[in-house]
Amino acid sequence: MEFKSPQNPSTGLNEAPLHDTEPRPITEDLPLRRSEELLLNMGPQHPATHGVLRVVLELEGEKILKATPDLGYLHRGVEKLCEGLTYQQIIPHTDRLDYVCSMSNNFAYVRAVEKLLGVSIPERGEYVRTIIAEMQRIVGHLFWLGTQSLDIGAMTIFFWTFREREILLDLFERICGARLTMNYFRVGGVNGDLKPDVIATLRKFLKDFPSKIDEYDRLLMNNRIWISRTKDIAVISAEDAVGFGLTGPPLRGSGVHYDVRKAAPYAAYGKVDWEVPLGSNGDTYDRYWIRMQEMKQSARIIAQCLDQLPEGPVLTDVPQVVAPPKEKVMQDMQSLIHHFIIFTEGFRPPKGEVYCATEAPKGELGFSIVSDGEPKPYRLKIRSPSFVHLGAFDHMARGYMIADIVTIFGTYDIVMGECDR
Amino acid sequence: MNPEIAQKIQEKFPSEFIGQNEFRNELTVTVKPDRIVEIARFLRDDPSTAFNQLSDIFSVDNSGRSAGVDERFEVVYLLNSIPNRHRLRLKAVLREDRCEIDSVWPVWKAAGFLEREVYDLMGIRFRNHPDLRRIFLPEDFDGHPLRKEYPTEGKGWRNTFEFLPTEEPQT
């Protein structure tokens, strides 16, 4: 066969024919189109799975027929470990559940223990807790916004949200000495008060923050790529969302008015003025919008809490449960005894069972404690929103394209540390 | 929390009702396991209860606190009513030799994953579950780690790993 250059010498363009052979005749044993389902494995090592999640996809072409999540790559048996630890020793373990929002986990856990004990918190402690929890919600939503847009392909916003997140993490470091695994909440209050310089920095941050949210919105709200990749993706109806047990932004995105902070107000949420943003379509775009609005509401809550912040202690005075301060331990016999008993043996809550739900950034985080009166819980169950949300994953992924799968992962704001426990 | 819910269950299912308890403003109703799906459907559909959301399912192994084989396991359903804003803890007691119960998946879809977790970690079988497999642990895993007889540190197979030094290094 004579070699012929595909380029036309006069135009320089490639003019080679697409097929240099005759089209093959269509026979019965070579059909034009084969229809067969393709099994595709995704993960566990994949940057868009937010940890280690494996999904087995059944595909027809590019369409997802079925998505089966395979969990457990981060299972550490926290619930079993907790059965061998005293109530205070469990607090650092809760940091490692949802490692993006460890303050919220601490908060949910200590609330459950306090409910079991029947301990109440001083007013300033409640306000400080509310401020910290809302700061953590902003951090969590900023992290979600950055990673979700990075997964979808918008890189700039990732740097912008992490810039603001950094300010809050620095504040956390000044409050409790750590940036990610805080271990700041205590049964009966929090470990250490907010210093005036922290409050001043926080006020300055709150002054700038709404304009930053508008900056993110300018990048995304009218961005054609963002809209076409989030509108009508991962739609779930309100009825299904309730049935699958969704909570938090995925439930509110479908228009169901349910927020634990409003349904059963705790801490200082009943004393400040704020609203629950609701979506209507139940798609990824609505959940994005809700998280943006929630950040604004969180800023509102923090600002009001800072204005109303009462004077007083942040840790309750129940020596059987709360360790006395070190100065008192060094001077007074009774404090020394309480301190010794709490740290060698732990406190003994009454017999009983409690479930305490808290609105974490990802949804309803609940701790169930079964106590038989010993210093260690008889059984501790963590109701993590990520795990329950993944139960709806197959339902929400069916019928979408394979390119949408990272959007559907991200739409729940999933963290595998919390999901696998 | 209104104790009328417990009364309602007792009136509707007198043979299934075992007891009720209130602690820290939380209502617990204990029932027999046999008609759990009917009870669940009643609690979801009755407008005065309207428990339209299943918050959680977990199980408790009672063998650690001197319970007999008749009540070895408890399966606990945490129900939440979004319209009525109340909660209920529904508890079914299982015998050791018959640790299986009907799946409430037809009533609440959330049960799909939650029941798989209970099956994986506690070994309670759910009849009519659409896809009852282990969820966290590998399929060939031996035992159910949340049972009280399972040691927290594992069953010692870690010591058989070849890459762990078993002898003192020679100097």
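Scope of the values below: all heavy atoms of this structure, side chains included, with no hydrogens, waters or symmetry mates. Letters A, B, ... are given to chains in the order of the sequence lines, protein chains preceding strands, and every chain is numbered from 1. No experiment lies behind these values; they were computed from the predicted model shown.
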Mind running side-chain contact (heavy atoms from CB on, under 4.5 Å) on Ile382(A) and Phe58(B) for me, showing each step along the way?
CA-CA 9 Å; Ile382(A) 304 154; Phe58(B) 70 98; over 6 Å; no
NZ/NE/NH1/NH2 to OD/OE distance under 4.0 Å, Glu117(B) and Arg421(A)
yes
Strictly below 4.0 Å, N to O, side chains only: are Arg87(B) and Glu364(A) in salt-bridge contact?
yes
Part of [X] within contact of chain B (heavy atom distance under 4.5 Å):
X         : result
Lys381(A) : side chain
Leu380(A) : neither
Leu390(A) : both
His257(A) : both
Tyr378(A) : both
Val388(A) : side chain

Could you have a look at [options] and say which one has the most heavy-atom pairs with chain B under 4.5 angstrom?
options                                   : value
Thr247(A), Asp240(A), Asp420(A)           : Asp420(A)
Asp70(A), Thr68(A), Leu117(A)             : Leu117(A)
Asp372(A), Leu116(A), Val370(A), Leu81(A) : Leu116(A)

Under 4.5 Å from any heavy atom of chain A, what part of [X] do you find: side chain, backbone, both or neither?
X         : result
Leu78(B)  : side chain
Ile135(B) : both
Arg89(B)  : side chain
Leu121(B) : side chain

Does the side chain of [X] reach to within under 4.5 Å of the side chain of [Y], using non-hydrogen atoms?
X         : Y         : result
Trp108(B) : Val242(A) : no
Cys356(A) : Arg24(B)  : no
Glu74(B)  : Glu353(A) : yes
Lys148(B) : Glu83(A)  : yes

For [X], is the [atom1] atom crowded, meaning more than 12 foreign heavy atoms sit under 6.0 Å from it?
X         : atom1 : value
Glu149(B) : CD    : yes
Arg98(B)  : CZ    : no
Glu239(A) : CD    : no
Lys271(A) : NZ    : yes
Lys8(B)   : NZ    : no

Please determine, among [options], the option with the most heavy-atom pairs under 4.5 Å with chain A.
options                       : result
Arg44(B), Lys91(B), Arg133(B) : Lys91(B)
Val107(B), Val76(B), Asn80(B) : Asn80(B)
Ser59(B), Gly112(B), Pro83(B) : Ser59(B)

Can a donor-acceptor pair be found, under 3.5 Å and without considering hydrogens, that links the side chain of Lys80(A) to the backbone of Pro151(B)?
no
Geometric class of the Phe136(B)/His75(A) ring pair [parallel <30°, tilted 30-60°, perpendicular >60°]:
parallel
Which is it for Leu146(B) and Arg379(A) under the side-chain contact (heavy atoms from CB on, under 4.5 Å) test, yes or no, and what are the steps along the way?
CA-CA 9 Å; Leu146(B) 276 182; Arg379(A) 172 89 168 88; 3.4 Å; yes
Ala110(B) versus Gly245(A), closest heavy-atom pair with distance:
CB-N, 3.9 Å
Modelled atom types, side-chain donor and acceptor of Asp56(B) and Tyr355(A), under 3.5 Å:
no
